[in-house]
Amino acid sequence: MVFAAGTTPLGLFAELRSRVASGAIDLTGVRPVQLDEYVGLERGDPRSLWDWLSRELLVPCRVDISAAIRFELDADADEACAAVERQLDAAGGIDLAVLGIGPNGHVGFNEPPSLPDSVTRLVRLDEASIVANARYWGSVADVPPEAVTLGLDRLIGARETVLLVSGAHKREILARVLEESPSPEVPASFLREGRLTVIADRAALP
Ligand code: PGA
């Protein structure tokens, strides 16, 4: 299973934590797959998206992190991406991807323009993503310029994909995802080629 970091899924994560704590659900059998990560971070850097996800979801929900398919970024980023693809092939792909969308239409760090056959890869962040993420890291200059991401191809091919969308600042891009023909300028729009469920709050609904 793939879970996006970010603000949008925090309510979901809180609900999952509480259901795990009460024994209503058991996530110990889940094998987590990393969606994306900044490149060039030191181990333990608080900007790490994996650390965020571990803190908010994986550790409190007792998910087995040692079984994770994740980017090993201590070495070469291209090799780390190729290794993730190989492990996903061996695992039979992704069962469930719970994703967010950037105001620029990105999903993971598949920045516009991204084609539906985009593979897992190293990317340079779009200016819009750097601006949108600056709030987490203090300033635009603190946002790492490069990242790795699961490819759109993998996300479209997931057995189930759930796209969570929250807030009025996402309304315009959600309208484009739902109402326009899929296009590289709105990478998340290609999720419609897979088995997609969109869950949006009232503010984000077109
Ligand atoms: P957000 O991030 O949930 O923090 O808005 C979404 C994204 O950039 O994919």
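For the numbers below, each heavy atom of this structure counts, side chains included, while hydrogens, waters and symmetry mates do not. Atoms within each ligand, like the ligands themselves, are counted from 1 in listed order. Just so you know, residue 1 is the first one in the sequence shown, and it goes up from there.
Any N or O atom pair closer than 3.5 Å counts here, and Arg135 shares at least one such pair with ligand 1.
Note on Leu49 and Val140: same hydrophobic cluster, where clusters join Ile, Leu, Val, Met, Phe, Trp and Tyr whose side-chain heavy atoms are under 4.5 Å apart, directly or indirectly.
Every atom of ligand 1 with a heavy atom of Thr8 under 4.0 Å away is listed here by number and element: 1 (P), 3 (O), 5 (O). Near Tyr136, meaning under 4.0 Å from any of its heavy atoms, are these atoms of ligand 1: 1 (P), 4 (O). Interface of Gly6 with ligand 1, defined as ligand atoms under 4.0 Å from a residue heavy atom, comprises 3 (O), 4 (O). The atoms of ligand 1 that sit less than 4.0 Å from any heavy atom of His106 are 7 (C), 8 (O), 9 (O). Atoms of ligand 1 lying under 4.0 Å from at least one heavy atom of Gly100, given by number and element, are 9 (O).
In this structure, the side chains of Val107 and Ile101 stay at 4.5 Å or more apart for every pair of heavy atoms. Within the 4.5 Å cutoff, the side chain of Phe13 has no heavy atoms near those of the Val98 side chain. The shortest side-chain heavy-atom distance between Asn104 and Glu111 falls under the 4.5 Å cut-off. Side-chain contact between Phe190 and Pro184 is present, with heavy atoms from C-beta onward closer than 4.5 Å.
Using a 4.0 Å cut-off between heavy atoms, His169 makes no contact with ligand 1 at all. Under 4.0 angstrom from ligand 1, there are no non-hydrogen atoms of Phe109. Contacts between Ile101 and ligand 1, counted as non-hydrogen atom pairs separated by less than 4.0 Å, involve the backbone only.
Atom 5 (O) of ligand 1 has its closest protein heavy atom at Lys170 NZ, 2.8 Å.
Among Leu164, Thr8, Val165, the one residue that satisfies the side chain to side chain contact (heavy atoms under 4.5 Å, CB included) test with Ile199 is Leu164.
Under the 30°/60° scheme for interplanar angles, the aromatic rings of Phe109 and Tyr38 are found to be tilted.
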